[in-house]
Protein chains: 2
Amino acid sequence: MMVSMDVTMGTLPQPELSEVDVATVLAALADPVRLSIVRELHRVGESTCTALDVPVKASTVSHHMHALREAGIVTTRIAGTTRPSRLRTADLEKRFPGLLNIVLAG
Amino acid sequence: MMVSMDVTMGTLPQPELSEVDVATVLAALADPVRLSIVRELHRVGESTCTALDVPVKASTVSHHMHALREAGIVTTRIAGTTRPSRLRTADLEKRFPGLLNIVLAG
DNA sequence: CGACTATTACGATCATGGTCGTAGTATTGG
DNA sequence: CCAATACTACGACCATGATCGTAATAGTCG
């Protein structure tokens with residue numbers, strides 16, 4: 001068995017939050033499945049697509065995660081064959097103050 | 001000529017903002033035309049559908065205003081044949097603190 | 001290498017909703 | 001009443017995107 005050689009894995013491509021406009025973020029959040037994904041990520045901290053408890057197929061979850069990533073809402077790191085994602089809480093709060101709280105409160 | 005008999009005209013049906021869920025508001029705001037309507041309403045205070053400077057036909061503007069009204073974002077009063085609308089700024093700030101500022105800043 | 005798992009890419013289907021035109025309603029003014 | 005204006009209701013068309021199944025890719029374990 002190999003010891004892990006590099007803890008600093010890469011992340012999937014994601015935009016600078018300063019370059020993301022409001023319309024993109026709102027459109028990404030205007031979906032019930034994606035809203036539940038965001039809330040679950042906030043609750044558990046980090047999760048892969050298959051571990052999420054949403055009523056759609058895995059390929060659909062991947063599609064939604066892609067949309068959330070392109071909107072700057074989540075960041076996804078590469079860990080072996082898995083792609084754990086988590087909310088970009090600090091970045092979002094700086095760019096859109098209060099937005100995350102609004103979404104999580106609902 | 002008749003003097004106006006009743007300044008207290010009615011308003012078009014609108015929901016209590018406490019009964020509006022986040023998904024509805026986000027979906028209503030996730031459209032470029034509706035975003036520009038919201039921003040213009042904030043700038044001029046109040047406006048009718050035809051007076052708004054948006055690149056769509058009047059019937060489409062009416063459709064969008066209907067969506068914004070059902071989402072609790074605008075209130076529309078009845079004034080003769082016109083229907084001037086304005087943002088429900090205070091209600092929105094109480095229900096979704098910071099949301100309006102995020103939208104208007106973009 | 002081969003089996004298994006996690007994920008993504010791709011194409012197909014289908015529902016949602018943005019847009020328009022037309023028609024209908026309501027109010028004002030002549 | 002008649003005309004004009006503001007708006008809405010309705011139906012039609014069409015682009016977008018949510019969903020799925022399948023296939024392809026990549027890592028892990030033996």
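Worth knowing before you read on, the calculation uses all heavy atoms, side chains too, and leaves out hydrogens, waters and symmetry mates. Chain naming here is simple, since letters A, B, ... match the order of the sequence lines and numbering starts at 1 in each.
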B:Asp31 CG to C:dG17 P, straight-line distance once rounded to whole Å: 11 Å

Contact class for A:His66 (heavy atom, under 4.0 Å): base, sugar-phosphate, or nothing? nothing

Proximal nucleotide (of C:dT7, C:dT8, D:dC7) relative to the A:Arg69 side chain: C:dT8

For A:Cys49 and A:Met65, work out which heavy atoms get closest and say how close. SG-CB, 4.1 Å

Would you mind listing every salt bridge (charged side-chain N to carboxylate O under 4.0 Å, His left out) that reaches into residues 87-103 of chain B, with sequence neighbours excluded? B:Arg88-B:Asp91

Distance, rounded to the nearest Å, where A:Leu68 contributes CG and D:dA18 contributes C1': 13 Å

With the side chain defined as heavy atoms from C-beta on, A:Ser62 is closest, among C:dT8, C:dT7, C:dG18, to C:dT8

Taking the side chain of B:Val33 as heavy atoms from C-beta outward, which of D:dC7, C:dA6, C:dT19 is closest to it? C:dT19

Just the rounded figure in Å: distance from P of D:dA18 to CD1 of A:Ile37. 11 Å

Side chain of A:His64, heavy atoms from C-beta onward: which of C:dT8, D:dT19, C:dG18 has the nearest atom to it? D:dT19

Only counting residues at least two apart or in another chain, list the ones meeting side-chain hydrogen bond (donor to acceptor under 3.5 Å, both in side chains) with A:Thr82. none

Write out all pairs satisfying salt bridge (charged side-chain N to carboxylate O under 4.0 Å, His left out) with one or both partners inside residues 59-73 of chain A, taking only residues at least two apart or from two chains. none

Closest to the side chain of A:His63, out of C:dA6, C:dG18, D:dT19, is D:dT19

Could you point out which residue of B:Thr50, B:Thr11, B:Ile78, B:Thr48 forms a side-chain contact (heavy atoms from CB on, under 4.5 Å) with B:Arg83? B:Ile78

Below 4.0 angstrom from OP1 or OP2 of D:dC7, is there any side-chain N or O of B:Thr50? yes

Show me the side-chain donor-acceptor pairs of residues 15-30 of chain A shorter than 3.5 Å, one per line, residues at least two apart or across chains.
residue	atom	partner	partner atom	Å
A:Asp21	OD1	A:Thr24	OG1	2.6

Interatomic distance where CG belongs to A:Leu12 and P belongs to C:dT7 [whole Å]: 11 Å

Send over the distance from B:Arg77 CZ to C:dT27 P, rounded to a whole Å. 15 Å

Any pair with a residue in residues 31-44 of chain B that passes side chain to side chain donor-acceptor pair (under 3.5 Å), sequence neighbours left out, goes on the list, sorted by first then second residue, please. B:Arg34-B:His64

Take nucleotides 21-27 of chain D nucleotide by nucleotide from the 5' end and write B, S or -, depending on whether a protein heavy atom sits under 4.0 Å from the base, only from the sugar-phosphate, or from neither. B----BB

C:dT8 C1' sits how many Å from A:Leu52 CG, rounded? 16 Å

